[in-house]
Structures are given as C-alpha cells and as structure tokens.
Amino acid sequence: MAQDANHSSQTLLLPCHECDLVSEVPPRHDGQWVHCPRCQHPLMRPADNDQLTPALAFTALLLLTLSLLFPYLGFEKNGIERAMTVTDAAYELAIYHHPALAVIVIATIIVIPALYLLSVCWIHMSLASPGRLPGSLFLARWLPRMQPWMMADVFAIAALVSLVKIIAMAHIQLLSAFWTFSGFALILLITVTRMNTIGLWQRLLGDLQQPPHTQAGKTAQSQGLIGCQWCGQLQPLEQPHRCHHCHSALHDRHPFSLQRVWALLVTAILCCFPAHLFPIMITTSLGKTEPSTIIAGVMLFLRHDDWPIALIIFTASVLVPFGKILALGWLCIAARRQQALDMTSQMKLYRLTEWIGRWSMIDVFVVAIIVALFQMGNILTVTPGVGGLAFSAVVIFTMLAAHQFDPRLIWDRQLQLQQYSKRRSAQRQPPTLEPEKQP
Ligand SMILES: [Zn+2]
Ligand SMILES: [Zn+2]
C-alpha cells in the first residue's frame, strides 16, 4: 500500500539498533533526525519533501553515466599524451593479473552505487504508481546493506592524492569526467544522508504495528520484544525470527557476534603482513624496476616534503587499519569486562571504527589511478603489486568485523554489572529493627 510522503502522523515506538532502548518518536515534519536518548544513535529522519531524494538519485545516475563516457584524467610527458577513463582504473588492474582487485574497484565505485541509485529511483516510482512495482520490497531490503560498500567519494579523494603524487612527473589535465564524477560522488553522498529507511518501509507497507503494552525507556529485550534494525518493527521474541513487517532476518543479538569479530580480526591481521611486506605497485622506467611498499610510498612523499599527502597515506593505510583492529579488539573485550565503563566513549569508538574503515581504500584507488595513467612502455610503466590486493583484504575484513560487532552486547554487560552491584549493596544493608510494641 503506497502512502503519502508526509503521512507519519503516528507517534512511533522505535527500538535503538545500537543500545536496544525503546524510544517514543513523535510525528515531525521538519526533516531533522531523531536520536536515541541513551546512546544518541540516529533513530529515524521524519518525513520532509521526499520528492527531492529520487530527483537527486536520478541526477547522480546521469552524472555517473557521463563519467563513464568521457575521459577522467589526462597527462603529457616527453611529448607522449595519455588519458584514462574511470573504468580504466579497474581495466588495467585486470590486465596485470589482478582481477579480484579490479572487481573490488569497479564494484565499490560504479556497480554498487549505480544499483543503489537505480533502487532508490525504482522504489520511489513504485510509491508514486497506483500498484507496487515488482521487486520494490526486495530492493528496499538491500538499500541499507549496499550503503557501506559505496566508495565513490573515497575514489574522488584518491584522485586528488594521485594528482599531488604525479604532478611533478608530468603535465596533468583534469578532463570532463573528473568534474562529472566528483559531482556524482557528492550527490550520491547527499542522497544517502537523505534516505529514511524506516519512513520508506512505512510508505511501502503502511504504519508499524506496535505490540500492546510496549513501554518507552526500557530495552526491547527486557520487555520480551525484538526490534527489526531495518524497518523498526517491534515484535515478540518467541515469533519466528523473520520480521513480520519487512521479512528481514531478525536477531535478538547478532549470533556469535564476538566470535565472528575475533575470526575476522585475526584474518585481517594475517593479511597485514603481505599488505605491508609486498609492493603495492612496481615502477619500470628505462629498464629499471622499482617495487614500492606502502611505507616506502609514505617515505617518498616525506623526502619530497609533501608531508600533508604523506600524512594522509600514513593515516589511511597504517594508522586507521591498525587502530581499527585494536579498537574492535578492545570493544570485544569490553563486552565481556567485569568493570563499569564510560558508555559514551565506547559508543564513540564503535561509531568511529564503523565510519572510518572505508577511507583506508584511498591507497588502493591511488594505485589503480596511477597504474591506469602510466602505461608508456619502456619510458614509464607502473604495474600493481600483490600488496594492494592484501591491503584491500585488510580493509574488507576490518569493515566486515565492524558490521558483525553488536554494540548492544556492551550495554547488556553494563546493565548486568549495574544489577549485580545493586544486589550486592542491598545485601550489605543492615536489617532494619522493628519498633518494640508497647504493652
Ligand atoms: Zn540507543
Ligand atoms: Zn523489519
């Protein structure tokens, strides 16, 4: 049943995906996000002018199409001119026997963003049409799952870093696709921030059904309820573990969350060795071959006094992946710790690890761009090294680990500790003496 864009006049009871607290969300139409009062996680963005979102998605798709048709960067060196398209960044990797890396690049900068934008347009067409269009529910289920894997903005920043890296070596030109792709990345970002998944599900399937006697200010679990992280529907725990509103799989807590995080972190740590020991790219110039590891790349920038770029590459490629592994390891320990913790800082750490992970792909994209540009035979040829694939694996495994971590486990632990200390202090209190009865 398609609903009007501003139909949500109902006061909602929504579970927080990060701390499990049920909160009351009053109807608002100012487009401002409503946050969880306990952990400040954004719960939902109330309806505003929703015509803008599909218009933005369509514009982004148009800009992406133009970016694929025209050249992206060009350069001239020793009288030789060359231009690359966005797809060349993946194509040249595939040519040099790195098909997996080529798939990662093309999927994260073109395929997944395009599917996301097409899905947004299709769902909004479905909402505007008298009957629901086929596949709109399936696409609505996949929208939030695609979101973390879209990296067009990271690629756009990587292009700027590449420019600084090669500006001294050749005369660089920013061609038409550079501007259209940057516009696409920006509008994609705005479209994503405007998406209101819970509101979208309400418009597709009607208002959420609130279970009777649900109370705000208590966790869903303590009321025998389970909250759907995608559509916000609360339902009794004993029901089959599929949301009866959007049909997504439901978990009271992510099954084996901590075990999965540890397994992914160990895999990421193992991938760190080839990522930093093997070259990320190999430069061949006039018969001389020079492999370059991530750290060697940072040192090269430092030698040329390009310390801002050295800092960006060092932060993205060394500090962030290692920091993320340490932070996730700490959060897993915190979920089992017998000590009261400052939950605000724990949640800030969790959100930072979740947000920052994809930015580590900068160095991989820089390599993809440089390899696509520098194919000048004997004069100068840059080829990708095995370190790039290993480094992408580090980024992907740490991102998967962050998604597998269930922050509600830390809140559960803190609640258990509070209840335990309350029981202990109640036991320590001396029994009160009853007043003597007067004869
Ligand atoms: Zn919360
Ligand atoms: Zn649901």
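The model shown is predicted, which means the values in this text are computed figures rather than measured ones. When a ligand or atom number is given, it counts from 1 through the structure's own listing order.
Side chains of Thr219 and Val22 form no contact here, defined as non-hydrogen atoms less than 4.5 Å apart. Side chains of Leu139 and Leu115 form no contact here, defined as non-hydrogen atoms less than 4.5 Å apart.
Geometrically, Arg337 does not engage Trp330 in a cation-pi contact, judged by NZ or CZ lying under 6.0 Å from the ring centre and within 45° of the ring axis. Arg141 forms no cation-pi arrangement with Trp201, by the criterion of a distance under 6.0 Å to the ring centre and an angle within 45° of the ring axis.
Taking backbone and side chain together, His244 holds no N, O or S atom under 2.8 Å from the Zn ion (ligand 2). Distance check for Cys243 against the Zn ion (ligand 2): an N/O/S atom falls below 2.8 Å. Among the backbone and side-chain atoms of His245, no N/O/S atom is found under 2.8 Å from the Zn ion (ligand 2). Counting backbone and side-chain atoms alike, Cys19 contributes an N/O/S atom closer than 2.8 Å to the Zn ion (ligand 1).
No salt bridge links Arg408 with Asp252; every basic N to acidic carboxylate O contact stays at or beyond 4.0 Å.
With the Zn ion (ligand 1) at the apex, Cys39 SG and Cys16 SG define an angle of roughly 100° (rounded to 10 degrees). Note: angle at the Zn ion (ligand 2), from SG of Cys231 to SG of Cys246, is 110° (rounded to 10 degrees).
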